[in-house]
Amino acid sequence: MGSVGAKDIPELLDANGKRIDGRDLNELRPLKIEAGVLQRATGSAFVEWGENKVMAAVYGPREVHPRHMQENTKAVVQCRYNMASFSVDERKRPGLDRRSQEISKVIGEALESVLFVEEYPRTSIGIYIEVLQANAGTRCAGLVAASVALADAGIPMSDLVPAVAVGKVAGKLALDLRKEEDNYGEADVPMALVPKSGRLVLLQMEGHMTRDELKTAIDMGVQGCHKIYEIQKEALRKRYSIAHDGGDAQ
Amino acid sequence: MGSVGAKDIPELLDANGKRIDGRDLNELRPLKIEAGVLQRATGSAFVEWGENKVMAAVYGPREVHPRHMQENTKAVVQCRYNMASFSVDERKRPGLDRRSQEISKVIGEALESVLFVEEYPRTSIGIYIEVLQANAGTRCAGLVAASVALADAGIPMSDLVPAVAVGKVAGKLALDLRKEEDNYGEADVPMALVPKSGRLVLLQMEGHMTRDELKTAIDMGVQGCHKIYEIQKEALRKRYSIAHDGGDAQ
Amino acid sequence: MGSVGAKDIPELLDANGKRIDGRDLNELRPLKIEAGVLQRATGSAFVEWGENKVMAAVYGPREVHPRHMQENTKAVVQCRYNMASFSVDERKRPGLDRRSQEISKVIGEALESVLFVEEYPRTSIGIYIEVLQANAGTRCAGLVAASVALADAGIPMSDLVPAVAVGKVAGKLALDLRKEEDNYGEADVPMALVPKSGRLVLLQMEGHMTRDELKTAIDMGVQGCHKIYEIQKEALRKRYSIAHDGGDAQ
Amino acid sequence: MSNEVSTEILATHVLDLAKSGKRLDGRALDEMRHLHITPGYVTSADGSALVELGDTKVLAGIKLEPGTPFPDTPNAGVLTTNAEIVPIASPEYEPGPPSIQSVELSRVVDRAIRAAEAIDLKGLCVTPGEKCWTCFVDLHILDDSGNLTDAALIAAMAALRNAKLPAERFELGETKPLDVRHFPIETTFVRIGDAIVVDPSSAEEGTCQGRLTIATDEEGNVVAMQKAKVGAFSPQDVAELVERAFVHGNKVRAALGQLG
Amino acid sequence: MSNEVSTEILATHVLDLAKSGKRLDGRALDEMRHLHITPGYVTSADGSALVELGDTKVLAGIKLEPGTPFPDTPNAGVLTTNAEIVPIASPEYEPGPPSIQSVELSRVVDRAIRAAEAIDLKGLCVTPGEKCWTCFVDLHILDDSGNLTDAALIAAMAALRNAKLPAERFELGETKPLDVRHFPIETTFVRIGDAIVVDPSSAEEGTCQGRLTIATDEEGNVVAMQKAKVGAFSPQDVAELVERAFVHGNKVRAALGQLG
Amino acid sequence: MSNEVSTEILATHVLDLAKSGKRLDGRALDEMRHLHITPGYVTSADGSALVELGDTKVLAGIKLEPGTPFPDTPNAGVLTTNAEIVPIASPEYEPGPPSIQSVELSRVVDRAIRAAEAIDLKGLCVTPGEKCWTCFVDLHILDDSGNLTDAALIAAMAALRNAKLPAERFELGETKPLDVRHFPIETTFVRIGDAIVVDPSSAEEGTCQGRLTIATDEEGNVVAMQKAKVGAFSPQDVAELVERAFVHGNKVRAALGQLG
């Protein structure tokens with residue numbers, strides 16, 4: 001649903017129902033998660049998901065400046081999603097554009113939904129996401145990374161938060177769109193799940209879908225989130241076992 | 001006295017001394033004032049004056065952030081005059097340009113002259129003016145609206161503050177210029193009066209006037225202000241009577 | 001080492017080894033310093049150095065706003081180097097560009113090296129430099145002026161700080177470059193000295209120099225700094241004697 | 001501090017009411033506030049509408065100007081949506097660049113207009129790759145008494161339907177109405193405990209546990225959604241709210257349809 | 001706090017002095033501080049002047065560059081006035097965009113130059129609608145010891161009268177002096193209790209009850225006025241101050257006239 | 001307050017260690033941390049490299065786009081270096097425009113590339129005065145564990161050596177590697193009491209008494225220097241550090257040379 005180019009539209013599904021990169025409709029792109037990748041941060045994680053590369057870090061809970069921004073009954077969650085200027089085809093001017101500001105807001109609200117912010121009054125928790133290389137689905141990749149970084153920081157949460165987008169491509173619903181599918185598809189529905197409660201904390205949509213399509217899309221996304229959830233947990237297990245062996249993550 | 005266009009200059013006074021909209025030289029445009037039009041504000045007012053539509057709201061007295069901006073012996077008066085991007089012929093970029101900043105300053109200083117700011121140390125009083133549709137005279141319309149909004153907010157004042165501009169059009173002094181008169185006229189003198197003291201709290205001028213013309217212009221403006229003063233008081237009487245009947249202004 | 005123009009490169013050294021303005025290689029441009037030139041500042045100085053005109057002022061030690069910027073164990077040194085829009089050939093947009101920000105930082109750090117900042121905890125010392133007319137060497141001129149302004153403000157320092165640049169011009173090392181030499185030269189090394197300790201508190205370089213050239217360049221610069229140091233001291237003596245005579249510097 | 005106490009008391013009260021199916025202003029859970037639309041409110045704009053949704057007030061103004069198409073859409077005009085929550089609208093205003101709330105608001109409204117293909121952007125192309133119309137939708141928020149999103153899209157759509165392409169002024173042919181083809185409406189819900197209410201007031205928004213906006217068109221499509229604020233919705237919630245959004249959207253479309 | 005106390009003590013003292021017709025620096029109520037003008041102070045500018053009015057110091061620099069006329073004035077050059085109260089000038093400086101004081105100052109000076117038609121903007125047109133000269137008047141405030149407005153307009157006018165149109169540098173004909181046709185001067189008054197004094201010092205500006213600036217030209221016209229600061233003037237005050245402004249303006253014009 | 005106490009304790013400890021020729025992380029005074037370079041790390045860039053210097057991580061990305069030459073260098077392409085210390089990198093991040101640290105970092109790296117004539121800017125001219133390539137060097141600082149300057153220039157040089165001029169994409173001929181001619185390396189030292197150590201960690205930078213960066217090229221020239229932070233160096237110090245910078249620079253050049 002990005003800007004539609006003037007170029008010819010590529011064929012997004014072949015005769016066998018395979019997608020442009022050979023995947024099935026409900027197949028995720030390869031996903032690797034590593035926790036504890038940065039030295040200065042309280043917690044951090046790196047996500048490589050298809051051709052996306054995303055790094056997230058968490059700082060805090062810590063003091064709030066300026067002081068009138070602090071809240072007496074809860075921690076302030078500050079979230080910033082940012083794209084490196086070279087992460088996309090055409091160089092992006094450094095700094096947060098309006099799209100990045102909106103994504104920062106919805107990711108921050110999604111993650112605050114699983115944090116016990118009332119335990120840390122008068123502090124801030126900074127959640128920072130840097131997209132190093134982008135190929136559709138970066139807000140979900142960022143949320144997945146940030147969720148692992150929060151766990152790595154030892155900040156109590158009710159659950160980890162997996163996220164994935166479902167789209168409509170050549171008339172069919174497809175899980176985890178890549179760039180061409182996003183650009184030339186008919187709809188895109190990114191979502192983030194709290195597996196333990198079965199509820200969605202992020203949900204956006206743009207395009208055209210009937211009620212039934214939307215219902216099915218959300219079901220597909222929830223399934224995908226459960227797979228991602230396992231990879232998130234595995235990354236944290238690996239991080240803890242390295243830490244317990246006396247070594248430290250590279 | 002705005003930018004002079006390349007177009008033909010319209011005839012501003014006809015053979016009978018009538019102005020472009022049929023008014024006499026010392027005749028005001030129709031003026032309607034309604035107090036208490038906004039729900040969230042401490043006080044508010046809407047002014048429709050000729051083809052000007054202006055809304056003003058007052059918030060406060062309230063806490064000042066950041067704290068080093070507060071003053072220990074008086075309230076800080078913050079005034080912001082802003083034009084909607086669609087309020088003028090050519091779309092205006094959103095945000096305060098230098099003209100709006102200057103007008104914000106002179107209106108704020110004019111109104112602070114009738115407020116008892118020393119009664120509210122360490123607080124701020126916010127005076128906000130939004131021009132929704134503009135046709136010359138918006139600073140006066142904004143001041144008139146803000147003055148009524150301050151009264152509606154219950155903030156003690158020594159007096160209401162009416163305001164109007166007098167200009168020079170085709171060699172004659174004329175009260176309350178409309179757009180064509182402002183653009184193609186020879187001078188413009190906006191002023192704001194404190195009727196009880198007979199003193200001016202706002203006075204600006206641009207153009208060419210002899211001493212005598214200027215003196216006459218100010219006299220005409222003062223007369224005009226007294227008429228506007230009556231309409232301001234009437235708007236507040238109406239507001240109070242509605243409030244006292246147990247209803248609330250629409 | 002500024003931007004190389006498309007014009008013909010002027011001859012920077014003549015047959016007798018004289019420079020474009022007739023100077024010898026190790027000769028300074030004429031330098032005049034006056035202390036105490038501004039009324040509102042705690043301390044001030046004006047420097048006319050060749051065709052450079054630079055004014056510096058110091059304010060403080062004074063309270064820091066906003067409060068979280070203050071430091072409990074030392075004064076915060078705030079330094080701002082700014083060029084007037086008309087100080088250069090092509091009009092410069094008002095405001096600090098990246099070059100001015102970098103120069104502000106290195107000058108501030110250089111001067112803080114001779115201040116006893118731990119004597120003034122929770123305060124700020126503001127050092128402000130305005131370049132009114134520029135002809136190469138303005139950062140050194142600014143530092144020389146700021147150093148005298150600090151002394152004029154009565155702020156204790158371990159020493160005054162003279163500064164000068166040494167460059168490479170037509171293959172030869174030359175003291176105190178003027179504009180053409182800077183634009184068409186091969187290297188530029190600005191430096192600032194603490195004469196009592198013999199150490200450099202500012203040192204930058206751009207261009208091409210061998211180790212030996214660099215060593216010689218620094219020696220030439222140190223020599224130059226000692227001459228400037230005398231002029232700085234003379235300016236302060238003059239300032240004090242005027243002050244003691246009961247008069248005040250014009 | 002007293003401010004935080006009163007916020008908390010209000011939140012508890014709103015929550016208690018919701019448990020028994022009630023709301024602070026007496027509305028039913030599925031009841032929208034009174035809607036009043038004044039098309040053509042501002043004559044300096046090429047199209048405009050003032051929308052009053054209860055105490056919430058949004059003024060939309062349209063300006064149409066010649067411009068240049070984006071390189072990747074050489075055959076289309078440009079749509080630019082901008083929302084400003086101006087300081088008269090609520091005590092939360094802070095000076096500086098547009099707040100993140102303003103940014104989200106303008107993007108959510110823009111997305112609904114764009115995804116529903118509400119206006120014919122191709123028809124706004126004058127010379128491919130060279131000249132087109134730029135359509136500015138400016139949303140001036142006058143009173144933020146809750147549910148700005150729904151009010152803002154209604155104002156935008158009413159202003160677009162009211163707009164004239166000022167071709168004569170720019171010597172680009174005959175002035176004519178803007179071509180508005182589809183009719184998206186947004187419906188916003190907030191969760192208050194176990195209840196989910198439509199068209200939230202500012203008190204309800206301030207104390208809710210999640211907000212969901214669903215944009216539908218007149219042909220039975222969902223065209224945009226936005227979950228916001230701290231809180232969560234189950235897939236079942238979403239399915240149910242989509243149904244409610246169609247009912248609500250059709251009601252508003254009917255009301256708005258009578259205007260133009 | 002101590003700062004506020006000393007401010008109040010000073011205010012009371014200034015007021016007490018005014019009651020007996022006296023001022024802090026010993027001047028008469030109608031007496032201007034010593035004025036010293038150095039035209040051509042900065043050779044990197046196309047025109048410049050340093051003005052010292054008592055301790056107040058303003059440096060004006062003119063730059064003339066080829067540019068494009070505004071669409072609504074295709075036959076005229078462009079005048080741009082900018083004032084910067086730089087941090088050396090006073091302890092009130094704050095980092096960030098130009099302060100509202102700087103903005104007002106530049107606009108009041110600009111208005112006087114423009115309303116008096118001091119420079120021949122039509123003469124700065126090169127090719128109608130396409131090319132013109134842009135005249136930048138940059139005011140660098142070096143010491144704010146009161147009454148910046150009057151000092152800034154004097155500096156601007158002296159710099160304009162000192163300026164050369166650098167036509168040769170841009171291959172646009174022969175370099176020649178800028179055509180300065182009229183000679184506006186601003187006179188600023190502040191009210192101190194019942195007294196109204198001219199050319200206020202910074203202490204007087206800090207404690208005054210209203211400031212009024214009146215710009216006159218050499219032909220007997222008032223061309224601009226600006227009332228600023230909290231306080232008020234009666235119509236009788238204004239009439240009287242206009243008379244005083246002409247006396248003062250003519251005195252300054254005479255002084256400045258001798259320079260060029 | 002506790003923060004300031006712990007900072008002071010750390011500073012004293014670092015200083016005590018230095019007196020006996022030791023460092024916090026066990027390195028010798030002249031020992032660099034482990035250096036790891038991953039060229040081509042980001043495929044969306046025209047050239048890229050991830051540099052890990054101990055825990056410090058810098059990602060450099062190159063983008064090459066058609067642009068316009070500067071008027072004073074009509075025969076050359078444009079080089080633009082930008083560094084962003086993003087908030088994941090250290091707790092010192094503050095929202096707003098680039099910090100002064102970011103500005104200094106980008107300028108020091110840019111100066112070394114430019115003074116060493118590392119890339120052939122004339123070769124990036126397409127049509128003199130009209131069209132050229134703009135080379136953006138963007139430095140994304142991921143972890144600031146000390147000595148960003150050296151790591152950033154290594155990343156920039158590795159990314160430039162990895163870059164391809166995407167001429168085909170812009171229909172400007174054949175895509176080919178960027179022409180990298182010289183090989184500047186920066187070596188940064190900090191003074192800790194009487195000791196001067198190379199490749200400082202963030203703890204050492206936080207407690208040092210002066211920092212000096214020296215850029216050398218492969219032909220035996222010093223091409224750039226930058227003294228930063230509060231503190232001082234004697235001319236003898238500088239002469240000695242220049243020697244050490246050549247030793248260190250040649251070591252890094254050798255390591256980097258093996259990559260490409």
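For E:A215, no part sits under 4.5 Å from any heavy atom of chain B, backbone or side chain. With a 4.5 Å cut-off on non-hydrogen atoms, B:L200 touches chain E through its backbone and its side chain both. Of the two parts of E:V222, the backbone and the side chain both hold a non-hydrogen atom closer than 4.5 Å to a non-hydrogen atom of chain B. Within the 4.5 angstrom heavy-atom criterion, only side-chain atoms of E:D217, from C-beta onward, approach chain B. Contact of B:V189 with chain E is made through the side chain alone, with heavy-atom distances under 4.5 Å. For E:I214, no part lies near chain B; criterion is any non-hydrogen pair under 4.5 Å. When heavy atoms are compared at a cutoff of 4.5 Å, E:V223 approaches chain B by way of both its backbone and its side chain. With a threshold of 4.5 angstrom between heavy atoms, E:F70 does not approach chain B through any atom at all. Only the side chain of E:A239 has a heavy atom closer than 4.5 Å to any heavy atom of chain B.
Inspection of the E:R107 and E:Q226 side chains reveals no N or O donor paired with an N or O acceptor under 3.5 Å.
One finds no salt bridge joining E:K63 and E:D138 here, because no Lys/Arg side-chain nitrogen approaches an Asp/Glu carboxylate oxygen to under 4.0 Å. In this structure, B:K233 pairs ionically with B:E230, as a charged nitrogen and a carboxylate oxygen lie closer than 4.0 Å. Salt-bridge formation is not detected for the pair E:R211/B:E109: no Lys NZ or Arg NE/NH1/NH2 atom is positioned less than 4.0 Å from an Asp or Glu carboxylate oxygen.
The main-chain N or O of B:V64 is never found under 3.5 Å from a side-chain atom of B:S124 such that the two would form a donor-acceptor pair.
A cation-pi arrangement, defined by a distance under 6.0 Å to the six-membered ring centre and an angle within 45 degrees of its axis, is present between B:R211 and E:F246.
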